[in-house]
Amino acid sequence: MRKLFLILIISVVAGKMAMAQYKGFRPVASLDAFKSSFTAASQAITSIKSDFIQEKNLSLLSEKIVSRGKFWFRRENLVRMEYQQPFQYLMILNGNNVYIKDGQQENRISVKSNKLFQKINKITIDCIKGTILGNSDFSVNAFETQQQFLLEMTPVAKDLTGFFSKILVTIDRKDYSVLSINMMETGGDNTLISFHQKELNTTIPDAVFAIK
Amino acid sequence: MRFLLLSSLVLLTGACTNSYKTLRTTAGDPLCVAKFRPVFQSQLYKAQAVVTGHRLSGLLLIKSMEDSTTRVVFSAETGFKFFDFSFGGRDGFKVVYIMKKLDKKVVVDALRNDFDLLFQSWVEPGKGMVKKGEPGLYHMFSKGSKTAYYITDSTCSKLLHSELGSSRKKLVEAYSVNTNGNIPDSMFIQHYNFDFTITLKKLER
């Protein structure tokens, strides 16, 4: 009985702390139920076309590096990220292959040859596909408001703990699409990618993801 | 066989060439190069580094801090941080952060020397001398076994390029192009003791 009381107290305190940490958010009632509805709803998203804004916050330097571009996703695992301002940089993830165009320089990599790249690649795709809750590299907590869900992902895989303290993913409640991905680093810096002008389930031609 | 012998001889001669042998001491103020010292507020550069054939690209932020240090932060275009160095101030050079894969003495020392050369960290009163050579005046500042050379025209009105060398060999060459006062628009650094180049181009934010 005393044990049960203690667990109850800890749960209430933990819940209150989480609510304080993410203003306006409360823990989802059932993580399992959320997981099923999130996965099912995400399945309905076959493609995304969107603008994105990336903000790199260097906390100790009080400095923000902002870049903008276009983003495309097509199920199962095709991603194109095209940075357009203040520099030109193109990255295409096509299955296990990555194509990078940086100015006039072109580079092709197989993610199989780089385990860390493979993991980071998987985070992006899992977030968008709705399968991030099944990614064993993270322990996940979920929170909600009337409009959004928030996934708090804490890395458990050793090679990721050195880079991220947490990854926060906000999801639009109305269509379960990703609103933002916030990668928090261990030193206090973070990179926030937010998606705007989203178009879901439009036809995106193969050429967008073609690796030449 | 004869070709191999000849190639070896050429290589050997090249390796033994003293880059600074022909320099002759001349009168002049070594500190005249201080006017070319770059002044950074908070500048963002697109960076490309090539190390032994491997290409690494990203964004390099150079920012002057209130405590008189200069911070140099290099991250990938996607936000992933590679290193964060602090130069100057009370503590001198400090590694604030470096990713595990890059955390090697040879890498840190090479990068530190490169930025010290660009920032003119070694240019201090009473420590320099001037020599004459081709293509102009060599303003020299030594520290330990290394010397920073700032090469100007014959009247010290234009900085042509900078070099870091030992007493005999050129180790690093650095060029910067300024069109707006002392804020470099682009910089290029070439290492001669191993295959390592850095190209920086200023981004408008």
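Within every chain, numbering begins at 1; the chains are lettered A, B, ... in the order of the sequence lines, protein sequences first and strands thereafter. Atom set for the values below is all heavy atoms of this structure, side chains included, hydrogens, waters and symmetry mates excluded.
For residues 41-52 of chain B, heavy-atom neighbours of chain A at less than 4.5 Å comprise B:S42, B:L44, B:K46, B:Q48, sorted by residue number. Close approach to chain A, defined as a heavy atom under 4.5 Å from one of its heavy atoms, is seen in no residue of residues 134-157 of chain B. Of all residues in residues 39-57 of chain A, those placing a non-hydrogen atom less than 4.5 angstrom from a non-hydrogen atom of chain B are A:Q54, A:K56.
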Do any side-chain atoms of residues 162-170 of chain A form donor-acceptor pairs under 3.5 angstrom with protein atoms, and if so which ones, sequence neighbours left out?
{"unit_1": "A:S165", "atom_1": "OG", "unit_2": "A:M184", "atom_2": "O", "d": "3.4"}
{"unit_1": "A:T170", "atom_1": "OG1", "unit_2": "A:S180", "atom_2": "N", "d": "3.2"}
{"unit_1": "A:T170", "atom_1": "OG1", "unit_2": "A:S180", "atom_2": "OG", "d": "2.6"}

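Only the side chain of A:D189 has a heavy atom closer than 4.5 Å to any heavy atom of chain B. Interface remark: B:K201 contributes no atoms to any contact with chain A (heavy atom separation under 4.5 Å). For A:L58, the part sitting under 4.5 Å from any heavy atom of chain B is the side chain, from C-beta outward, and nothing else. Only the side chain of A:E185 comes within contact range of chain B, judged by heavy atoms closer than 4.5 Å. In this structure, chain A has heavy atoms under 4.5 Å from both the backbone and the side chain of B:E77.
Dense packing is recorded around NZ of B:K104, with more than 12 heavy atoms of other residues, nucleotides or ligands lying under 6.0 Å away. For B:K170, the NZ atom is densely surrounded, since the number of other residues' heavy atoms within 6.0 Å is greater than 12.
For the pair B:K131 and B:Y20, the cation-pi test (distance below 6.0 Å, angle within 45°) is failed.
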